[in-house]
Peer 1: 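Dropping a structure here in structure tokens format, bear with me for questions.
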Amino acid sequence: MHAKPIDVVILTEDRYVRPDRDDWYQAQIAHEEDLVASALAGLGLHVERRSWSDADMDWTQCRSALFRSTWDYFDRFAEFAPWLDRVSGETQLFNDAALIRWNVDKHYLADLAAKGVAAVPTRFVERGESTSLTEIMAAEGWDEIVFKPAVSGAARLTFRVSGASLVQHEPVFARCVAEEAMMVQRFEPAILADGELSLIVIAGRTTHAIRKTARAGDFRVQDDHGGTVHPHAPDAAQCAFAEAAVAACPAQPLYARVDFVRAQEGGYRLMELELVEPELFFRFHPPAAEALAQGLAEKLR
């Protein structure tokens with residue numbers, strides 16, 4: 001068997017293969033991935049950067065592939081799922097295919113809750129299921145909720161609903177459920193008061209953290225919707241919460257981003273555990289890119 005010439009392919013998507021560094025958003029992507037590529041190269045690894053959907057790429061010719069800015073995968077899931085099945089048999093993926101399959105569907109929150117991870121209270125509504133937001137809110141005793149798809153990202157089809165806005169949202173919810181599985185969560189007011197904490201966990205240990213806040217009048221913290229990111233120094237309790245959530249995964253991921261909020265009843269509540277292509281905010285703490293590179297290199301040995 002001949003040697004594979006590429007040690008690590010950093011995976012992006014078609015839009016960002018050749019980032020426009022005059023555009024702040026694409027320049028930020030390039031900077032984050034440059035930090036990872038530089039750290040990997042510093043360990044003597046040959047690194048290239050390709051779109052996951054590059055039709056000309058022979059994935060047998062690389063030792064591993066690292067998911068980064070593959071942010072179109074949920075819009076192209078009908079293509080992505082078979083690609084993942086095929087490529088996972090041709091090269092080593094980080095994170096691995098089994099974890100990614102588990103993590104792309106937010107039903108994983110129920111698995112983590114069953115293992116004792118405190119998650120935001122959630123009801124899953126399967127595709128075609130006959131139920132309403134009114135029925136769910138009454139059954140759970142929730143005054144305000146958020147609903148969104150079970151497979152999604154970037155706050156796609158994400159709505160905040162109160163008793164006053166139920167009537168206008170019921171038909172939206174019904175249309176969504178007719179098309180795909182949805183999740184309904186209790187709205188956590190701390191998202192407005194304190195923002196959402198994101199702790200980055202590499203090889204099981206917290207490296208750094210950021211705090212995301214929504215713009216005035218919104219509840220979505222993603223920068224796509226005007227949210228902002230701030231450096232955050234996590235305390236021991238926050239690190240312990242994040243690391244326990246990662247430890248509850250079916251297998252230890254190389255990297256994870258743990259998004260959570262302060263709970264109304266004390267402690268913290270997990271919002272999401274991102275294992276596929278989370279932004280890891282290396283620009284706030286470049287040594288974390290080195291930790292990721294080191295962890296990946298150790299798994300390649």
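Starting from 1, each residue takes its place in the sequence as its number.
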Peer 1: Answer yes or no on whether Arg123 is positioned over the face of Phe147, meaning its NZ or CZ is under 6.0 Å from the six-membered ring centre and within 45° of the axis.
Peer 2: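 Judged by the rule, Arg123 and Phe147 form no cation-pi pair.
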
Peer 1: Taking the six-membered ring for Trp, is the centroid-to-centroid distance between Phe284 and His208 below 6.0 Å?
Peer 2: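 That pair fails the under 6.0 Å test.
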
Peer 1: For His232, give me all partners under ring pair (Phe, Tyr, Trp, His ring centres under 6.0 Å), at least two apart in sequence or on another chain.
Peer 2: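 Per chain and number, His232 pairs via ring pair (Phe, Tyr, Trp, His ring centres under 6.0 Å) with no residue.
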
Peer 1: Would Arg269 pass as a cation-pi partner of Phe260, given that its NZ or CZ must be under 6.0 Å from the six-membered ring centre and within 45 degrees of the axis?
Peer 2: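 Cation-pi check for Arg269 and Phe260: fails.
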
Peer 1: Does the ring centre of Phe80 sit less than 6.0 Å away from the ring centre of Trp52?
Peer 2: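 When the ring centroids of Trp52 and Phe80 are compared, they turn out to be within the sub-6.0 Å range.
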
Peer 1: In terms of the angle between their ring planes, are Trp59 and Trp83 parallel, tilted or perpendicular, with boundaries placed at 30° and 60°?
Peer 2: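 Rings of Trp59 and Trp83: perpendicular, over 60°.
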
Peer 1: Can Arg160 and Glu144 be said to form a salt bridge (charged side-chain N to carboxylate O under 4.0 Å, His left out), step by step?
Peer 2: CA-CA 7 Å; Arg160 177 184 173 189; Glu144 195 167 8; 2.5 Å; yes

Peer 1: With distance as the sole criterion, is a donor-acceptor pair present between the side chains of Trp102 and Asp111 under 3.5 Å?
Peer 2: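 Yes, Asp111 and Trp102 have a side-chain donor paired with an acceptor closer than 3.5 Å.
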
Peer 1: Is there a donor in the side chain of Thr206 and an acceptor in the side chain of Glu243, or the other way round, less than 3.5 Å apart?
Peer 2: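 Result is yes, a qualifying pair exists.
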
Peer 1: Would you check if Pro253 and Asn95 make a side-chain contact, meaning some heavy-atom pair closer than 4.5 Å?
Peer 2: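 Yes; the side chains approach each other to less than 4.5 Å.
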
Peer 1: Using distance alone, with no hydrogens and no angle criterion, decide if Thr207 and His285 have a side-chain donor and acceptor under 3.5 Å apart.
Peer 2: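 No, His285 and Thr207 have no side-chain donor paired with an acceptor closer than 3.5 Å.
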
Peer 1: Indicate if Phe282 and Phe94 have the same hydrophobic cluster label, given that clusters are the connected sets of ILVMFWY residues with side-chain heavy-atom separations under 4.5 angstrom.
Peer 2: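 Yes; tracing contacts between hydrophobic side chains, which count when under 4.5 Å, links both residues.
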
Peer 1: For Arg186, is there an ion pair with Asp143 - N to carboxylate O distance below 4.0 angstrom?
Peer 2: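 No.
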
